[in-house]
There are 2 protein chains.
Amino acid sequence: MTGTPAQKDKSPFQTAAQRKATREAKREAVLLAAVRMFNERGFHATSLDDVATSLGVSKPTIYHYLGNKDQVLLECVSIGLSQLQDAAEAARARPGKGIDRLRFFLERYAQVNMEDFGRCVIRTGEQLLSPESAARFREKKRAIDDALRALIEEGIADGSVATQDPRLLGFTLAGALNWPARWFDPTGPLTREEAARRMVDILCTGFAPR
Amino acid sequence: MTGTPAQKDKSPFQTAAQRKATREAKREAVLLAAVRMFNERGFHATSLDDVATSLGVSKPTIYHYLGNKDQVLLECVSIGLSQLQDAAEAARARPGKGIDRLRFFLERYAQVNMEDFGRCVIRTGEQLLSPESAARFREKKRAIDDALRALIEEGIADGSVATQDPRLLGFTLAGALNWPARWFDPTGPLTREEAARRMVDILCTGFAPR
DNA sequence: AATGCAATATACCCGATAGTAGATTTTTTG
DNA sequence: CAAAAAATCTACTATCGGGTATATTGCATT
């Protein structure tokens, strides 16, 4: 048996698929490093030099994987928004009354907003992006809003959700559950799941005694 | 009667007090122009040249009234925060059950967040300010948070507010009522007062049917 | 072995803008 | 009216950071 090499996948020689995968992994590492710095120090206070240095590479390497700073930010918020979109679809696919599906969505929504990419969605003002990127950003946020509105309407239709003004209810719920992007501290007393659950409870029953 | 002039206060000659007042008025005009541009285009996307031009003056004029850009922003958020502080004190001074005082505060709080300086408070990340200014900013925000918490606790004490977790209730309410800083449009269908009232209603009773 | 592409680096350019120096005009006051 | 003070301007400096031109290294495919 002459040919078969002893090394299975620690060979330094990669297949085309492996190369593509490591490239993708590097791209994602750039985005993760970037989003963390954006969240911590702010977009403008984070130079791509900073991001590069934090990864032990130089700035042109980032440009090798992503076109420019605007694209880096757009990618980051797009990841966060697709997580929210996934949550919406999962809620949509659930059985149960409208209120249950709504609560399911709201919990996930809150949880995403406590994670790196979700936080970035909330903290990123449209002004930070180029006009074209901002348009795509708005579009995707709009889809999330619509999904939330639809869940509310379904709840109203089956009598499990009570409100005078679905639009305003949507804004109110979203606002309450966006805010953890600013205050939640994962090293604090609550887990993401627990914090999300309790917030949704509060929103569901209100603060007046029943 | 030789002396008494016919012009009462349209004389171009001002008293010391009047001069001080016009100076203050100019300072405030700068802050108002600045905060509007900050809210619209973002802090970093607004140069002091832009602000100056919008007032028909040149940049050094701004420096004549305010020390530097950091101070301009700090002044803006300080105005917003003092409006919130006023709301807290007014609520504190009210008669009635805890829940009524809390609702009073929350409505004002929401209204402030739909106005120029309040919006700026919400939209300003601490990273935009110098470390020293950021510390003062945090301090003042902290005071508002504490006031909200205190009102909640009073409601709990007299049985008019129901919650398992006052801290989280505070965050949830604040988040919901901060969010209008991002979405509220004064040219839209609702007045500030009406929007605030409805949001507080939603938060008070929740979205589950009673 | 030779050619080519992917990955990465160094060193640079350039535009924007915060902040300043110094002159100038206007107003107040002695 | 003269001198001082306040208000404002023009023109400049300095810095930062996004983005690029170009060189280098090394694996990969034929």
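Letters A, B, ... mirror the listed sequences (proteins, then strands); counts begin at 1.
Nearest approach of B:Q127 to A:R41, heavy atoms of both residues: CB-O, 3.2 Å.
Classification of the A:W183-B:F171 ring pair by plane angle, with boundaries at 30° and 60°, yields parallel.
Contact annotation: B:R19 does not reach the phosphate of D:dA6 (side-chain N/O to OP1 or OP2, under 4.0 Å). Phosphate proximity of D:dA6 to B:R23: absent, as no side-chain N or O sits under 4.0 Å from OP1 or OP2. Side-chain nitrogen and oxygen atoms of A:H64 include at least one within less than 4.0 Å of the OP1 or OP2 phosphate oxygen of C:dA7.
Note: NZ (A:K20) to P (D:dA28) measures 17 Å, nearest angstrom. One atom, CD1 of A:I62, and another, P of D:dG19, lie 11 Å apart when rounded to the nearest Å. Rounded to an integer number of Å, the gap from OH of A:Y63 to C1' of D:dT22 is 17 Å. B:Q71 has its CD atom 15 Å from the P atom of C:dA18, to the nearest Å. Atom pair A:R41:CZ and D:dC16:P shows a separation of 14 Å (rounding to whole Å applied). For the pair B:D50 CG and C:dA16 P, the interatomic distance rounds to 12 Å; values are reported in whole Å. Distance, A:K26 NZ to C:dA7 C1': 7 Å, rounded to whole Å. Taking atom CG on B:D49 and atom C1' on C:dG15, their separation rounds to 14 Å, with Å as the unit.
Across all strands shown, A:S58 has heavy atoms under 4.0 Å from base atoms, whether or not it also approaches the sugar-phosphate. Within the nucleic acid shown, A:S47 comes within 4.0 Å of sugar-phosphate atoms alone, with no base atom in reach, counting heavy atoms only.
A donor-acceptor pair is defined here as one N or O able to donate and one able to accept, closer than 3.5 Å; no such pair exists between the side chain of B:R101 and the backbone of B:L151. A:R119 places no side-chain N or O within 3.5 Å of a backbone atom of A:M114 that could act as its donor or acceptor partner.
Comparing D:dA11, C:dT10, D:dG18 by their closest approach to the side chain of A:P60 singles out C:dT10.
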### Query
Going through the checks in order, is the side chain to side chain contact (heavy atoms under 4.5 Å, CB included) test met by B:L106 and A:F207?
CA-CA 12 Å; B:L106 293 176; A:F207 59 81; 3.9 Å; yes
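Taking 3.5 Å as the limit, the base of D:dG19 and the side chain of A:K59 contain a donor-acceptor pair of atoms between them.
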